[in-house]
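Both ligands and their constituent atoms are indexed starting at 1 by order of listing.
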Amino acid sequence: KSLEKFNIYASGKINLTLDVLFKRPDDYHEVEMILQTISLKDEISLKLIPRPVIELSSNCLELPQDESNLAYKAAKLMIEEYRLDTGIAININKNIPIAAGLAGGSADAAAVIVGINEMFELNRPQEELMGLGKKIGADVPFCILGKTALAQGIGEKLLPLRPLSGFGLLLVKPPYFVSTKEVYSRLDLKTIQKRPDTLAMIEYIKMQDIDKIASGLCNVLEEVTLKLYPELDFIKKHLVCHGALGSLMSGSGPTVFGLFETVQDARRAAAKINLAGNEIFVSQVE
Ligand code: ATP
């Protein structure tokens, strides 16, 4: 039994904290971070096609439209894993900026996994789907889980936290891409100046204390990316000058976000800031 068509959203994420603990023997970095789903979303539509192929299309021409697309990989994995005797056409309406630290690619892969599970009424448990997602990327399991969570390991070990809701965000995406790989390779673990207090942050989240959460925002990759692009520090300060309770770079960047008590506050700030040349998104935690 299966549906001919299925539409699903793919939500981006921000980091409220990001700590890198050590480099593992397999060359991956052991991280500890608090991740938060945001309301900025791609729209994914899935359609059955009778031939055994995966077709991909998107409104975003910069996106790879071949097997390297994470949404394509997710569809291929689902078709193989559950021996689905079909082809799938995937359309991605991209709203989340690419290579921006917002896990847009992982979100698309997660949406395809969840969408195919629904479409074919596979009824596989979320944990199993998250396990499959990990094969595609470390952030995919979180994108399947969503909301507010502590991520450990390479990002795949997840502990759900009390979900935040209602807080506003102003996202500022500068007009360049940052390679996650390059940022990690430039990170010197011995010289990290400021690390997040992850345990304290978990408490602040439990209390839903927005002022404390804002003061606890911390990302060890900021030092690296801010050295490459010093204007990111200006953007952070500019957001705070215009009412953000705190600001931080998400992931390996370059997107910087400001945190606000409400989405109206974020919208008011958006009308006042002067950051021409950057893409600005009013969003909220979700
Ligand atoms: P993270 O926060 O997990 O580091 P990111 O937001 O920095 O992720 P993505 O937008 O996920 O980065 O894209 C990273 C790379 O993956 C890009 O260079 C892009 O070409 C490639 N990619 C493959 N598939 C997708 C997809 N569906 N959407 C976006 N990027 C994709």
Side-chain angles (χ1 to χ4, degrees), residues 8-18 20 28-29 31 33-38 40-46 54-77 88-115 133-146 149 151 153-156 158 171-187 219-222 224-225 228-229 232 248-257 279 281 283:
I8 187 164
Y9 289 115
S11 304
K13 64 89 182 147
I14 51 168
N15 288 78
L16 301 177
T17 65
L18 193 163
V20 181
Y28 281 102
H29 287 87
V31 296
M33 51 194 183
I34 298 176
L35 301 174
Q36 172 66 53
T37 300
I38 60 174
L40 184 62
K41 309 172 166 76
D42 295 341
E43 294 147 72
I44 312 269
S45 79
L46 302 171
I54 298 169
E55 288 174 1
L56 195 79
S57 57
S58 175
N59 64 330
C60 173
L61 301 175
E62 292 151 75
L63 205 64
Q65 311 224 342
D66 57 11
E67 317 80 65
S68 72
N69 193 297
L70 299 181
Y72 184 104
K73 289 187 182 172
K76 184 160 181 278
L77 182 65
I88 289 186
I90 306 169
N91 181 262
I92 305 176
N93 191 20
K94 201 85 192 144
N95 301 309
I96 306 171
I98 300 175
L102 301 173
S106 304
D108 293 350
V112 168
I113 289 173
V114 172
K134 186 187 159 188
K135 295 187 183 176
I136 297 180
D139 283 343
V140 179
F142 171 74
C143 292
I144 293 175
L145 179 69
I154 57 168
E156 88 291 10
L158 295 163
L171 308 171
V172 181
K173 158 69 175 72
Y176 37 79
F177 301 112
V178 168
S179 150
T180 303
K181 219 174 144 195
E182 189 190 346
V183 172
Y184 272 97
S185 72
R186 283 173 182 263
L187 177 71
N219 175 351
V220 299
L221 299 180
E222 258 189 357
V224 180
T225 311
L228 293 169
Y229 302 101
L232 293 177
L248 193 72
M249 183 183 84
S250 184
S252 52
T255 303
V256 166
F257 67 87
E279 276 185 273
F281 304 88
S283 184

- Query: Can you check whether L16 reaches L248 side chain to side chain, under 4.5 Å on heavy atoms?
  - Reply: no
- pair I14-L171: side-chain heavy atoms closer than 4.5 Å: yes
- One finds that the ligand 1 atoms under 4.0 Å from a non-hydrogen atom of S68 are 23 (C)
- Any idea which atoms of ligand 1 are less than 4.0 Å away from a heavy-atom of L102? 2 (O), 6 (O)
- Message: One residue to check: A109. Relative to ligand 1, which of side chain, backbone, both or neither has a non-hydrogen atom less than 4.0 Å away?
- Response: neither
- Item | Nearest neighbour of atom 21 (C) of ligand 1 from the list C60, G101, P64, on a heavy-atom basis | P64
- Which ligand 1 atoms does T180 reach within 4.0 Å, using its non-hydrogen atoms? 4 (O)
- Short list, please: which atoms of ligand 1 are under 4.0 Å from a heavy atom of D139? 1 (P), 3 (O)
- Is any side-chain heavy atom of L221 less than 4.5 Å from a side-chain heavy atom of Y184? yes
- Can you find a pair of side-chain heavy atoms, one from V31 and one from I154, that are under 4.5 Å apart? no
- Message: So for K13, does at least one of its heavy atoms come nearer than 4.0 angstrom to any atom of ligand 1?
- Response: yes
With a cut-off of 3.5 Å and sequence neighbours excluded, list every side-chain donor-acceptor pair involving residues 94-109.
{"from": "K94", "atom 1": "NZ", "to": "D42", "atom 2": "OD2", "distance (Å)": "2.6"}
{"from": "K94", "atom 1": "NZ", "to": "D108", "atom 2": "OD2", "distance (Å)": "2.8"}
{"from": "N95", "atom 1": "ND2", "to": "K41", "atom 2": "O", "distance (Å)": "2.5"}
{"from": "N95", "atom 1": "ND2", "to": "E43", "atom 2": "OE2", "distance (Å)": "3.1"}

- ligand 1 versus D108, non-hydrogen atoms closer than 4.0 Å: side chain, backbone, both, neither? side chain
- Query: If you measure every N/O of G105 against every N/O of ligand 1, is any gap under 3.5 Å?
  - Reply: yes
- Query: Should L56 and D66 count as side-chain neighbours, where that means a heavy-atom distance under 4.5 Å?
  - Reply: no
- Query: Is atom 26 (C) of ligand 1 less than 4.0 angstrom from at least one protein heavy atom?
  - Reply: yes
- Message: Does the protein come close to atom 16 (O) of ligand 1 - that is, does one of its heavy atoms sit below 4.0 Å from that atom?
- Response: no
- Heavy-atom proximity to atom 13 (O) of ligand 1, picking from S106, A103, A99, G104, points to A99
- Determine, using heavy atoms of K94 and all atoms of ligand 1, whether some pair is separated by less than 4.0 Å. yes
- With a 4.5 Å limit on heavy-atom distance, are the side chains of F281 and I38 in contact? no
- Within 6.0 Å of OH in Y176, more than 12 heavy atoms from elsewhere: yes
- Task: Could you tell me which residues satisfy salt bridge (Lys or Arg N to Asp or Glu O under 4.0 Å) with K76, sequence neighbours excluded, listed by chain and number?
- Result: E80
- Proximity of I98 to ligand 1 by residue part, where a heavy atom lies under 4.0 Å: both
- Query: How does L63 reach ligand 1, if at all, at less than 4.0 Å between non-hydrogen atoms: by side chain, backbone, both, or neither?
  - Reply: side chain
- Query: Can G251 be said to touch ligand 1, with heavy atoms closer than 4.0 Å?
  - Reply: no
- So for L70 against ligand 1, with non-hydrogen atoms under 4.0 Å, the contacting part is both
- Side chains of E62 and F177: does their closest heavy-atom pair fall under 4.5 Å? yes
- Which of these, S58, C60, S45, S57, sits in a side chain to side chain contact (heavy atoms under 4.5 Å, CB included) with I92? S58
- Is any N or O atom of S252, backbone or side chain, closer than 3.5 Å to an N or O atom of ligand 1? no
